[in-house]
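Below is one structure, written out as C-alpha cells, with a few remarks after it.
Fair warning: this is a prediction, and the values are worked out from it, not measured in the lab. One-based numbering, in listed order, for ligands and for the atoms of each. Below, all heavy atoms of this structure are taken into account, side chains as well, without hydrogens, waters or symmetry copies.
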Amino acid sequence: MRTQVAIIGAGPSGLLLGHLLRQAGVDCVVVERRSADHVLGRIRAGVLETVTTGLMTELGIDARMKAEGLIEEGFNLASGDHLIRIDITALTGRHVTVYGQTELTRDLMDAAPERGLEIVYEAEGAALHDVEGDAPYVTYVKDGETRRIDCAFIAGCDGFHGPSRKAIPGRAVREYEREYPFGWLGILADVPPCHPELIYANTTRGFALASMRSATRSRYYIQVPLTDRVEDWSEDRLWNELAARFDALSAHGVTRGPALEMSIAPLRSYVFETMRHGRLFLAGDSAHIVPPTGAKGLNLAASDVAYLSEALIAFFKAGDEAGLAGYQSKALARIWKAERFSWYLTKLMHRFPEDGAFEHRMQAAELDYVASSRAMQAAIAENYVGLPL
Ligand code: FAS
Ligand code: PHB
C-alpha cells in the first residue's frame, strides 16, 4: 500500500499524530506491534498539561476527558511532616488535568474508525527501509503475511524499545542518558484518594507519590531499590508502607483495597537528539524518557506531536519544508527544559543510596526555601503546568 506518512506505534504519540494528520487531510497509517487491549492494559501517566488536553480539544475528542477528568489547581510537596502546597493556578493562571493515559489512549483508539485513521494492530517485526532516500517504506508481518507501506515520511512513535532509533546510523546519533538507582513501585486501586490533590513526599522511608484517576480510584507509587521485584511486595506490605508515609500528611489517610494493577517502572533521563534523519522523524518516548516525577513523559510526547504534525501538514498542503527542517531544534528546546525539571524534582524528592546526612539536610533546606519563596514556587508551578510551545 502507499500512504503519505507511516506511523510506527499506537501509543499516545502515534495516535495523536495520526488523528491530527487525518483531520488535516493527510494520509497516514499506524502500525502497532501489540493488540489494542495490550496497549490499554499499560498503566502509565496520570497528569495532563494543557498542551495535551488542547490537542484533544483541537481534535474534538475531548468529551469524556472534560466530563471525567479532574481539574487540579495545585499540588503538594511534602518534607517531613508538613505539606508545601504549590498553587499552580494562582501562580500561573493555568491548571493540570488528572485523566489517565489509558483513558486518553482509549478515546483516541475509539475515534479512529469514524475519522478514517487506519491502525494495524498485532503487526509484527516492523522494519524501516531507505529512510535516507526519497522513497522510504515500512515492512511488517500480519497474519503470517509480509506487507509493505510505501510513504513519503516515517514517524517513529514506537516508544523506548521500538525499532525507529535503531534505523538511524551510529554516525548520526547524539544521545544522553542517566539511570537512577531506584524504581517506582505503583499500585492502582478503586479506593478514594487520601488527599484532594497530588502529594509528592520526601520521607525518611523514601519517596512516595499519592495520585489519583478519579474520586474513587487512586494511584500510588513508592521508591524501591532496583533489586526489588513486584513479587517481593504483597498488597498488604505496600498498603502498610503507603500508610506510614501518607496517613499523617494527608487529609483522609490511605484507604486500602484490592490492587487493579501493581508494577515497578525503572527511572531514567534519556534524550536521543537525532529526532530527524532523512525521511524519519521521532516523537515521544522513542526520542526521550524522563523520570515520572515531573509528570512530563506523556506531555512531552504531545508537544513533539504538535510540532511534527504542524510541520508535516505545512509540507503536504503548501510544500513548505521550514517546519520539517526546524522540528528537531524546536522539539529539543522544550525536551531539555522538561528533562531538567524532572531531574530537579527527582533529585529533590528521592533518597539516593549514596547520599548521607549532609545531602538530606540540603534537600530539607531546599524544600524549606520552596515553602518560603513565592519565586521558587512560581518557577516550579510554571514547569509543572508545562512551558509554552
Ligand atoms: P509508548 O511507549 O506509550 O507507545 C509506543 C508504542 O509503540 C507502544 O504501543 C508499543 O507497543 C509500540 N511499538 C513498540 N515497538 C514497536 C514495533 N516494533 N512495531 C510497532 N509498534 C511498536 N509518564 C508520566 O507522565 N507519568 C507516569 O507515571 C509514567 N509512568 C510510566 C511507566 C512506564 C512503565 C513507562 C514505560 C512510561 C511511563 N510514563 C509516564 C511515560 C509514558 O507515559 C510515556 O511518556 C508515553 O507512553 C509516551 O507515549 P509514546 O511516545 O506513544 O510511547
Ligand atoms: C500518575 O498519576 O500516574 C502520576 C501522576 C504524577 C506523576 C507521575 C505519575 O508525576
Side-chain angles (χ1 to χ4, degrees), residues 6-18 30-49 52 70 72 75 96-102 104-105 108-109 119-128 138-142 155-167 183-188 193 197-200 207 209-214 217-221 230 261 263-268 270 282-305 338 341-342 345-346 349 384 386:
I7 299 170
I8 303 179
S13 299
L15 293 173
L16 280 168
L17 179 63
V30 181
V31 174
E32 166 58 49
R33 176 177 63 176
R34 301 290 192 177
S35 68
D37 285 344
H38 184 98
V39 175
L40 291 171
R42 291 188 292 235
I43 307 302
R44 292 195 177 164
V47 172
L48 306 183
E49 297 174 1
T52 308
L70 301 176
E72 295 287 326
F75 72 100
V96 294
T97 302
V98 169
Y99 188 67
Q101 173 173 327
T102 300
L104 177 136
T105 305
L108 292 166
M109 286 179 172
I119 305 171
V120 181
Y121 292 103
E122 296 175 296
E124 297 172 8
L128 295 80
V138 171
T139 55
Y140 63 92
V141 177
K142 174 74 175 172
C157 300
D158 44 327
F160 188 65
H161 302 289
S164 292
R165 277 202 314 277
K166 303 179 186 77
W184 280 18
L185 167 62
I187 185 168
L188 184 72
E197 296 172 332
L198 276 74
I199 301 176
Y200 296 78
F207 169 81
L209 169 59
S211 182
M212 76 282 291
R213 291 292 179 268
S214 70
R217 177 168 287 190
S218 296
R219 178 68 168 168
Y220 288 98
Y221 299 91
V230 69
E261 187 262 4
S263 58
I264 294 179
L267 270 64
R268 77 167 39 88
Y270 176 75
L282 305 183
D285 276 18
S286 63
H288 44 74
I289 297 288
V290 284
T293 324
K296 293 290 150 234
L298 170 55
N299 295 300
L300 268 186
S303 49
D304 290 351
V305 165
F341 177 66
S342 305
L345 269 190
T346 302
M349 301 308 291
Y384 195 79

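Counting heavy atoms from C-beta outward, Val96 and Leu48 have side chains that stay 4.5 Å or more apart.
For Glu32, there are no salt bridge (charged side-chain N to carboxylate O under 4.0 Å, His left out) partners, not counting sequence neighbours.
Using bins of under 30°, 30° to 60° and over 60° for the plane-to-plane angle, the ring pair Tyr200/Phe75 lands in the perpendicular bin.
Summarising the geometry of Ser263 relative to Arg219, their closest heavy-atom pair is OG-NH2, 4.2 Å, with the distance given to 0.1 Å. When all heavy atoms of Ser164 and Gly156 are compared, the pair lying nearest together is OG-CA, 3.1 Å. Closest of all the heavy-atom pairs between Asn299 and Ala295 is ND2-O, 2.8 Å.
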Please evaluate residues Asp285 and His161 with respect to the criterion side-chain hydrogen bond (donor to acceptor under 3.5 Å, both in side chains), reporting the C-alpha separation (whole Å), side-chain torsions for both, the decisive distance (0.1 Å), and the verdict. CA-CA 9 Å; Asp285 276 18; His161 302 289; over 6 Å; no
Please assess Val39 against Thr105 for the test side chain to side chain contact (heavy atoms under 4.5 Å, CB included), listing each intermediate value before the final yes or no. CA-CA 8 Å; Val39 175; Thr105 305; 4.0 Å; yes
Identify the protein atoms, limited to N or O, that lie within less than 3.5 Å of an N or O atom of ligand 1, and list each pair with its distance to 0.1 Å.
residue  : atom   : partner : partner atom : Å
ligand 1 : 2 (O)  : Arg44   : NH1          : 3.0
ligand 1 : 3 (O)  : Arg44   : NH1          : 2.8
ligand 1 : 9 (O)  : Glu32   : OE1          : 2.8
ligand 1 : 9 (O)  : Glu32   : OE2          : 3.4
ligand 1 : 9 (O)  : Arg42   : NH2          : 2.5
ligand 1 : 11 (O) : Glu32   : OE2          : 2.7
ligand 1 : 21 (N) : Arg33   : N            : 3.1
ligand 1 : 25 (O) : Gly297  : N            : 3.4
ligand 1 : 28 (O) : Tyr221  : OH           : 3.4
ligand 1 : 43 (O) : Gln101  : OE1          : 2.5
ligand 1 : 45 (O) : Asp285  : OD1          : 2.9
ligand 1 : 45 (O) : Gly297  : O            : 3.2
ligand 1 : 45 (O) : Leu298  : N            : 3.1
ligand 1 : 47 (O) : Arg44   : NH1          : 3.1
ligand 1 : 47 (O) : Gln101  : NE2          : 2.9
ligand 1 : 51 (O) : Ser13   : OG           : 2.6
ligand 1 : 51 (O) : Asp285  : N            : 2.9
ligand 1 : 52 (O) : Pro12   : N            : 3.2
ligand 1 : 52 (O) : Ser13   : N            : 3.0
ligand 1 : 52 (O) : Ser13   : OG           : 3.3

Please tabulate, line by line, the atom pairs linking an N/O of ligand 2 to a protein N/O at a distance below 3.5 Å, with the distance in Å to 0.1, or answer 'none'.
residue  : atom   : partner : partner atom : Å
ligand 2 : 2 (O)  : Ser211  : OG           : 2.6
ligand 2 : 2 (O)  : Arg213  : NH1          : 2.7
ligand 2 : 3 (O)  : Arg44   : O            : 3.3
ligand 2 : 3 (O)  : Arg213  : NH2          : 2.8
ligand 2 : 3 (O)  : Tyr221  : OH           : 2.7
ligand 2 : 10 (O) : Tyr200  : OH           : 2.8
ligand 2 : 10 (O) : Pro292  : O            : 2.6
ligand 2 : 10 (O) : Thr293  : O            : 3.4
ligand 2 : 10 (O) : Ala295  : N            : 3.3

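Pairs passing the salt bridge (charged side-chain N to carboxylate O under 4.0 Å, His left out) check and including a residue from residues 294-303, sequence neighbours excluded, read Glu49-Lys296.
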